[in-house]
**Q** 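Would you mind keeping the following structure in view while I ask a few things?
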2 protein chains.
Amino acid sequence: MTDLDRIDRKILKALQADGRIANVDLAEKVGLSPTSTGDRVKRLLREGFIAGYGARLDPHRLGLGLLVFVEVSLDKTTPDVFEKFAEAVKRAPEVLECHMVAGGFDYLVKTRVADMAAYRHFLGEILLALPGVKETRTYAVMEEVKSDGMLPV
Amino acid sequence: MTDLDRIDRKILKALQADGRIANVDLAEKVGLSPTSTGDRVKRLLREGFIAGYGARLDPHRLGLGLLVFVEVSLDKTTPDVFEKFAEAVKRAPEVLECHMVAGGFDYLVKTRVADMAAYRHFLGEILLALPGVKETRTYAVMEEVKSDGMLPV
DNA sequence: GCCGTCGCCTTACTAAATTTGGCATTAGCA
DNA sequence: TGCTAATGCCAAATTTAGTAAGGCGACGGC
């Protein structure tokens, strides 16, 4: 129920790289009949290994040329700051990811915006406007060395 | 050639959320005929707005329960450190993302591993073994507040 | 030794994507 | 004005892919 064989892994790898690969092509790639391959894909979905499918959009093509990471520290004297912050962040479309971390600060935020002007606006009007935000440190990305986010299957 | 109308954005949004939606369903959702919708999707692909499709795998289901960010500082006295580091990072399957940033350190690395033991191994045997790595700061993620990475279309 | 389950296969059927052709609108131009 | 080309859309027909049904062989429990 939880362990995958060699073919399952090949399927996951292929689907992660190309979520729209035709079942017959996938079947040939993994060395199984289309029916069996389809059954396995359905099983991998049902058992939660595959959470869904999505189109990969090109941020630069969409005018989102600037990738920025922000370290956020919260004022922990006020109650509910964490919940409030988390809720606000979920609503902000500029925020692609937000993680609560253990270490020198509280949240690591990944955001994509058009340019520095847009980031300035986001930082000043949205992030710093949130109650409880004590301190932020901004790291603009100069080069995306690796950004596919492919899981090792 | 570069600007999208309301329907294009609806298509991108829908495909980003569900890359395998049937063309007829997508057509109904955006209010166009299946043929026109298909034409638009093909155009969005051709013009690079859609970079590709992929299955979203569940890292926890795959035994990758620990998400870690690492800030890496390089020893800039040696030449080629940046290139060498970038190449090595591209080869490491544990590394999901790696960005060169402007600020207090050089690279921000996002990695997923099974647990702390696996991270220790990755840090000691792989990251710190790379030539030119001067200093690292590790931030283990305690809670993934937002991690879909959906672009605002 | 028998029966149930599992994984896989082939065949047949159904549903989807793609292609073709046609219509209306718009823009450029003599 | 009248002609042409380009664009965006649609419906119908064709092709292609997904899905369901049924059968075969291997394995394990009883």
Side-chain angles (χ1 to χ4, degrees), chain A residues 1-64 148 150-153, chain B residues 1-64 114 148-153:
Chain A
M1 184 176 181
T2 179
D3 53 322
L4 305 168
D5 65 12
R6 186 170 158 61
I7 293 182
D8 286 328
R9 293 179 192 281
K10 279 172 108 174
I11 289 175
L12 290 177
K13 196 177 163 195
L15 282 178
Q16 192 178 21
D18 179 6
R20 271 201 162 179
I21 187 174
N23 193 42
V24 278
D25 299 340
L26 181 62
E28 192 187 4
K29 187 173 272 197
V30 304
L32 236 55
S33 79
T35 310
S36 302
T37 308
D39 288 349
R40 278 176 181 256
V41 172
K42 235 173 293 173
R43 196 196 73 224
L44 292 168
L45 249 174
R46 177 165 33 83
E47 293 184 348
F49 294 99
I50 299 173
Y53 298 92
R56 279 188 294 269
L57 307 187
D58 183 343
H60 294 91
R61 199 72 182 77
L62 290 165
L64 299 169
D148 45 28
M150 293 281 192
L151 295 182
V153 188
Chain B
M1 184 180 179
T2 180
D3 53 322
L4 305 168
D5 66 11
R6 186 168 157 64
I7 292 181
D8 287 327
R9 292 179 193 281
K10 278 172 108 174
I11 289 176
L12 290 178
K13 196 177 164 195
L15 281 178
Q16 192 178 21
D18 179 6
R20 270 201 163 178
I21 186 174
N23 193 44
V24 278
D25 297 342
L26 180 61
E28 193 187 3
K29 186 172 273 199
V30 304
L32 236 56
S33 79
T35 310
S36 302
T37 308
D39 288 349
R40 277 176 183 255
V41 172
K42 235 173 290 172
R43 196 196 75 225
L44 292 169
L45 249 175
R46 177 164 34 81
E47 293 183 347
F49 293 99
I50 299 173
Y53 297 92
R56 279 188 294 270
L57 307 187
D58 183 341
H60 293 92
R61 200 70 180 80
L62 289 164
L64 300 169
D148 47 28
M150 292 279 191
L151 295 182
V153 190

**Q** Does OP1 or OP2 of C:dC8 have a side-chain N or O of A:R40 closer than 4.0 Å?
**A** yes
**Q** Compare the minimum distances between each of D:dC10, C:dC8, D:dG18 and the side chain of A:S36, then state the nucleotide with the smallest one.
**A** C:dC8
**Q** Relative to the 5' end of DNA chain C, which residue comes earlier, A:R20 or A:P34, by the nucleotide with the nearest heavy atom?
**A** A:P34
**Q** Does the pair B:R56/B:D148 count as a salt bridge with the N-to-O cut at 4.0 Å?
**A** no
**Q** With hydrogens left out and only the distance checked, is there a donor-acceptor pair under 3.5 Å joining A:T35's side chain and the base of D:dT19?
**A** no
**Q** Would you tell me if any nitrogen or oxygen in the side chain of B:K42 comes within less than 4.0 Å of OP1 or OP2 on C:dT19?
**A** yes
**Q** Between A:R20 and B:I21, which heavy-atom pair has the shortest distance, and what is it?
**A** NH2-O, 3.6 Å
**Q** Give the rounded distance in Å between these two atoms: CZ of B:R6 and C1' of D:dG8.
**A** 18 Å
**Q** Side chain of B:L32 only, heavy atoms from C-beta on: which candidate in C:dA17, D:dC9, C:dC9 is closest?
**A** D:dC9
**Q** Nearest whole angstrom, please: distance from the C1' of D:dT16 to the CD1 of A:I21.
**A** 16 Å
**Q** Are B:F49 and B:V153 packed together at the side-chain level, in the sense that at least one heavy-atom pair is separated by less than 4.5 angstrom?
**A** no
**Q** Of the nucleotides C:dC9, D:dG18, C:dA17, which has the atom closest to the B:A22 side chain?
**A** C:dA17
**Q** What integer distance in Å separates A:I7:CD1 from C:dG7:P?
**A** 12 Å
**Q** A:D5 CG to C:dC6 C1': how many Å, rounded?
**A** 13 Å
**Q** Got a donor-acceptor contact below 3.5 angstrom from the A:D58 side chain to the B:A51 backbone?
**A** no
